[in-house]
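FYI, side chains are in, hydrogens and waters are out, and symmetry mates aren't considered; it's all heavy atoms of this structure. The sequence lines fix the lettering, A, B, ..., with proteins before strands; numbering per chain opens at 1. None of these values were measured; they are calculated from a predicted model.
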Protein chains: 2
Amino acid sequence: MTDTRSKILSVAERMARSGGYNGFSFREIATSVGIKSASVHHHFPTKENLTLEVARLYEESFFAALGEFAPPGGTPESQLRHYCDVFKNAFESSGRACLCGVLSNEAEQLPQSVREVIAGFVSANISWLEQAIKQGSADSGYDNAREKAELVYCALEGAMGVAALKQDIGWITRVSKHARHAALMD
Amino acid sequence: MTDTRSKILSVAERMARSGGYNGFSFREIATSVGIKSASVHHHFPTKENLTLEVARLYEESFFAALGEFAPPGGTPESQLRHYCDVFKNAFESSGRACLCGVLSNEAEQLPQSVREVIAGFVSANISWLEQAIKQGSADSGYDNAREKAELVYCALEGAMGVAALKQDIGWITRVSKHARHAALMD
DNA sequence: GTCTATAATTTGATAGAC
DNA sequence: GTCTATCAAATTATAGAC
């Protein structure tokens, strides 16, 4: 990947997390990168194209940070803590909410291809969490694991939004703690 | 309030919940109402002005549905169930996420006045929930009530986003159930 | 209160020179 | 790969007639 191309993707991610799909433009990106908007179109012909690539890379780096598979022997406690830390770091390093959380809230006006990537991100998160919660559990048929996973994911996405609104990471810290506790109780 | 004015507000709320602040325009609203964009400007001089009124009315009707004060004698269980039902109804009647959840995710690019209304909505929700959780509790100094309130609110906002993305109310039902349970346990 | 007309700006996108 | 130049459409907003 060329330097310019990766700069465009980086700036686009930042702007999309600030204002969503309708919150960034080719000209703004170009200015921030130090080129002209026609040059951005050279790398990404359409906005749908660019957003798709931004969303895919976001998911890729999210799961790279997470570790695609639950490390063998990891306890549910340690894995859930690790999961929440990935969200926390995503906010801490940017002061912004989760890209997929932001785009979810614009779903109706998103190109279908982008909507599908976002839906895939949600599903992948739920699967990862479900596995982590079941990990090492004697009761492998624990029926509530998937629903607990949904609680943790939704709570964190909501907390990312409020943290971004109030510029206060405390929301992520506190909500993470209670969501983790809820997922492991009963 | 004139008929046209309330129609504008209704259409604007619907569109803002679909695509956020940058996801609706004066012309789109005008077309949907059956007038011209200049007539929309007659009722609401600026977009900030219009969005502010939409957000205020949304909060007002949200708390009207909720009941501003916890009814005396209501158990925490019944009150939390009622709270979750307000969110569920908000999705059920529109297929869309919470206005304040959507706008939270655009906070950085929002006019400051709108951001303040959204922040007020969050604070009011946390206060209501904190009171509901403490209600009738022998331990009136229950320290975790506020943090449990934050968990419930964030979980519901997150669930509204996913429900809107997947067009599946099940996310709200399931997340509500586990968030309520978590808030009342320990 | 609604309209026509219009201004000034921004948008996503393309053609073609270098 | 980047640029200049340009396009058609959409944006928020205003002036003034009816």
What is the distance, to the nearest angstrom, from the [atom1] atom on [X] to the [atom2] atom on [N]?
X	N	atom1	atom2	result
B/Gln109	C/dT11	CD	P	10 Å
B/Lys47	D/dT12	NZ	P	4 Å
B/Glu48	D/dA13	CD	C1'	14 Å
A/His41	C/dG16	NE2	P	17 Å
A/Glu28	C/dT10	CD	P	10 Å
B/Ile29	D/dT12	CD1	C1'	12 Å

Review point. Looking only at side-chain N and O atoms, does A/Ser25 come under 4.0 Å of OP1 or OP2 in C/dT10?
Key: no
Hey, does the side chain of [X] reach the backbone of [Y] with a donor-acceptor pair shorter than 3.5 angstrom?
X	Y	result
B/Arg115	B/Ala107	yes
A/Thr31	A/Arg27	yes
A/Ser78	A/Thr75	yes

**Study point:** Centroid separation A/Phe87 to A/Phe91 less than 6.0 Å
**Key:** no
Point to revise | Ring center gap for A/Phe62 and A/Phe121 short of 6.0 angstrom | key: yes
Revision key, fill the gap. Ordered by number, residues from residues 14-23 of chain B within less than 4.0 Å of DNA chain C (heavy atoms) are none
Show me the protein contacts with nucleotides 2-6 of chain C, counting only N or O atoms at under 3.5 Å.
{"residue": "C/dT2", "atom": "OP1", "partner": "B/Thr4", "partner atom": "OG1", "Å": "2.9"}
{"residue": "C/dT2", "atom": "OP2", "partner": "B/His43", "partner atom": "NE2", "Å": "2.8"}
{"residue": "C/dC3", "atom": "OP2", "partner": "B/Lys36", "partner atom": "N", "Å": "2.7"}
{"residue": "C/dC3", "atom": "OP2", "partner": "B/Ser39", "partner atom": "OG", "Å": "3.0"}

Check your understanding: Does the side chain of A/Glu48 pick up a donor-acceptor pair with the side chain of A/Ser113 at under 3.5 Å?
Key -> yes
Check your understanding: Would the number of heavy atoms belonging to other residues, nucleotides or ligands and lying under 6.0 Å from NZ of A/Lys36 be above 12?
Key -> no
Revision key, fill the gap. In A/Leu99, A/Leu9, A/Ile118, the residue satisfying side-chain contact (heavy atoms from CB on, under 4.5 Å) with A/Tyr58 is A/Leu99
Check your understanding: With sugar-phosphate meaning primed atoms plus P, OP1 and OP2, does B/Phe44 contact a base, only sugar-phosphate, or nothing at under 4.0 Å between heavy atoms?
Key -> nothing
Study note, to complete from the structure: For B/Glu147, the side chain to side chain donor-acceptor pair (under 3.5 Å) test, sequence neighbours excluded, returns A/Lys177, A/His178
